[in-house]
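All remarks here apply to the structure that follows.
Numbers restart at 1 for each chain; the letters A, B, ... are given by sequence-line order, proteins then strands.
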There are 2 protein chains.
Amino acid sequence: MPRPREFDEERVVLAVRDAFWDKGYAATSMDDLLRVSGLGKGSLYGAFGDKHRLFLRVLRDYDDANLRGLRERLAFAARGIDLVRDFLLGVADDPTGAAPRRGCLLANSTAELATSTPDVAAEARRSYDAITAILTEALERAQREGDVDPDADAAEIARAVLAAQLGLVALGRTGMDLAALTTVARSALAWLLPTPAPR
Amino acid sequence: MPRPREFDEERVVLAVRDAFWDKGYAATSMDDLLRVSGLGKGSLYGAFGDKHRLFLRVLRDYDDANLRGLRERLAFAARGIDLVRDFLLGVADDPTGAAPRRGCLLANSTAELATSTPDVAAEARRSYDAITAILTEALERAQREGDVDPDADAAEIARAVLAAQLGLVALGRTGMDLAALTTVARSALAWLLPTPAPR
DNA sequence: CATGTTGTTGACCGATCCGTCCAGAACACC
DNA sequence: GGTGTTCTGGACGGATCGGTCAACAACATG
């Protein structure tokens, strides 16, 4: 019956996501979003609602994709500890340094909006809880595989790993020297693991 | 010769700082700043320049005050390790939880603006380098005092401590349960220190 | 091909944005 | 007390903000 959409919803969400990611929520205007999405005003509002709702949609999609990726890597990881290692070292893993400088959309958004926008803070808790659960699973596997002290509290380590990663993300955003960032990541990793000698 | 100022510059900077801290840079309007400062437009622009310059002034004052406080606490600390402990546990040290939820003005600003405003990223590097230097000094003292492994690289630990603290700040901003935040801080601390049993 | 429903486009709105400017007020100095 | 300089408050400006709306286009259905 109705006229069909002329655009791919996912493409629009990704384009809009990049705009928010690069400029932040408040500094991104609806005109920016129309430009990067290529849509007219009516289409964008009709499909996603106002700026705030669109942003939350983008943020949730971003988080879900991250979590999916993390779960997938856990499923395919040779050892549980590999996921933990990648999770920390991955922050600095970009020869150009662009990714660390860009940071994480969720972390950036939380820092910008958590006070004024409870939705964003709640989304951050949801996402961080999920990440903690995945890391906990990975660490429990690592305990069974002999890579982590079996008497330690896996959930507690998981939270600490998450904190370290968030700190690395924050440091990366300052434009900190990439080698230094990698060194910090390795240090953070070394504390957690009695086992494999780095390098 | 000239007519004297009718306002206290420092009071204005503090009031403006709180406004930026609570709403972020972009979401804070000049009208907001006029309101909280109580100044007229001519006065604010005459004394501090435009919004961007005013913000940088506020941010630098904030950082300088932080660094002064840190240096002072190092000077008066009974042991070097005490400063490191306070630096980490202090993130969650507020019964109401308001301070963790508010986060750090520098961290918030870096997350919001680092991409588009190189000044802010540079200021963050400056501040974090200074903090690392202070923590390094504290850790070297702790090494001499037998609280930290003397063979460890103090500067490397300092950077890792800074990363952990930034991660805690980020977690606190999500509104995470205060007890959980304290636990994470204690865990992070425990990694670094072979010595004193926490609690 | 007629009809009905939805998508698309862009003009348009009031509000708010940041910054300039100017007329008048308040002091220091002679 | 006159004079000069700065400070003060607010009117004003052009630009941009987010959001609505109506006319038109494009399809699915019968």
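Listed nucleotides: C/dC18, C/dA11, D/dG9. Nearest to the side chain of B/Lys51: C/dC18. Distance from the side chain of B/Lys41 is smallest for C/dC18 among the nucleotides C/dT9, D/dG9, C/dC18.
In this structure, B/Tyr45 atom OH and C/dC22 atom P are separated by 17 Å, rounded to whole Å. The separation between A/Phe7 atom CZ and C/dT8 atom C1' is 10 Å, rounded to whole Å. Across the protein-nucleic acid pair, A/Leu33 atom CG and D/dC17 atom P stand 10 Å apart, rounded to whole Å. Whole-Å rounding puts the A/Arg35 CZ to D/dG18 C1' distance at 16 Å. One atom, CG of A/Leu34, and another, P of D/dG18, lie 9 Å apart when rounded to the nearest Å. Remark: C1' of D/dG19 and CG of A/Leu39 are 16 Å apart, rounded to the nearest angstrom. Protein atom CZ of A/Phe55 is 14 Å distant from nucleotide atom P of D/dG18, rounded to whole Å.
Contact check on B/Glu137 versus B/Arg141 returns no salt bridge, with no Lys/Arg side-chain nitrogen under 4.0 Å from an Asp/Glu carboxylate oxygen. Ion pairing of B/Arg102 with B/Asp18 is present here, as a side-chain N (NZ or NE/NH1/NH2) and a carboxylate O approach within less than 4.0 Å. A salt bridge links A/Lys23 with A/Asp32: at least one charged nitrogen is closer than 4.0 Å to a carboxylate oxygen.
Listed in residue order, the members of residues 22-32 of chain A having a heavy atom less than 4.0 Å from DNA chain D are A/Thr28, A/Ser29, A/Met30, A/Asp31.
If you check every strand for non-hydrogen atoms under 4.0 Å, A/Gly42 touches a base.
Other residues, nucleotides and ligands contribute more than 12 heavy atoms inside 6.0 Å of the CD atom of B/Glu140.
Each ring-ring contact (aromatic ring centres under 6.0 Å, His included) pair with one or both residues in residues 58-116 of chain B, not counting sequence neighbours, appears once here: B/Trp21-B/Tyr62.
Counting all heavy atoms, side chain and backbone alike, B/Arg126 lies closest to B/Arg60 at NH2-O, 4.2 Å.
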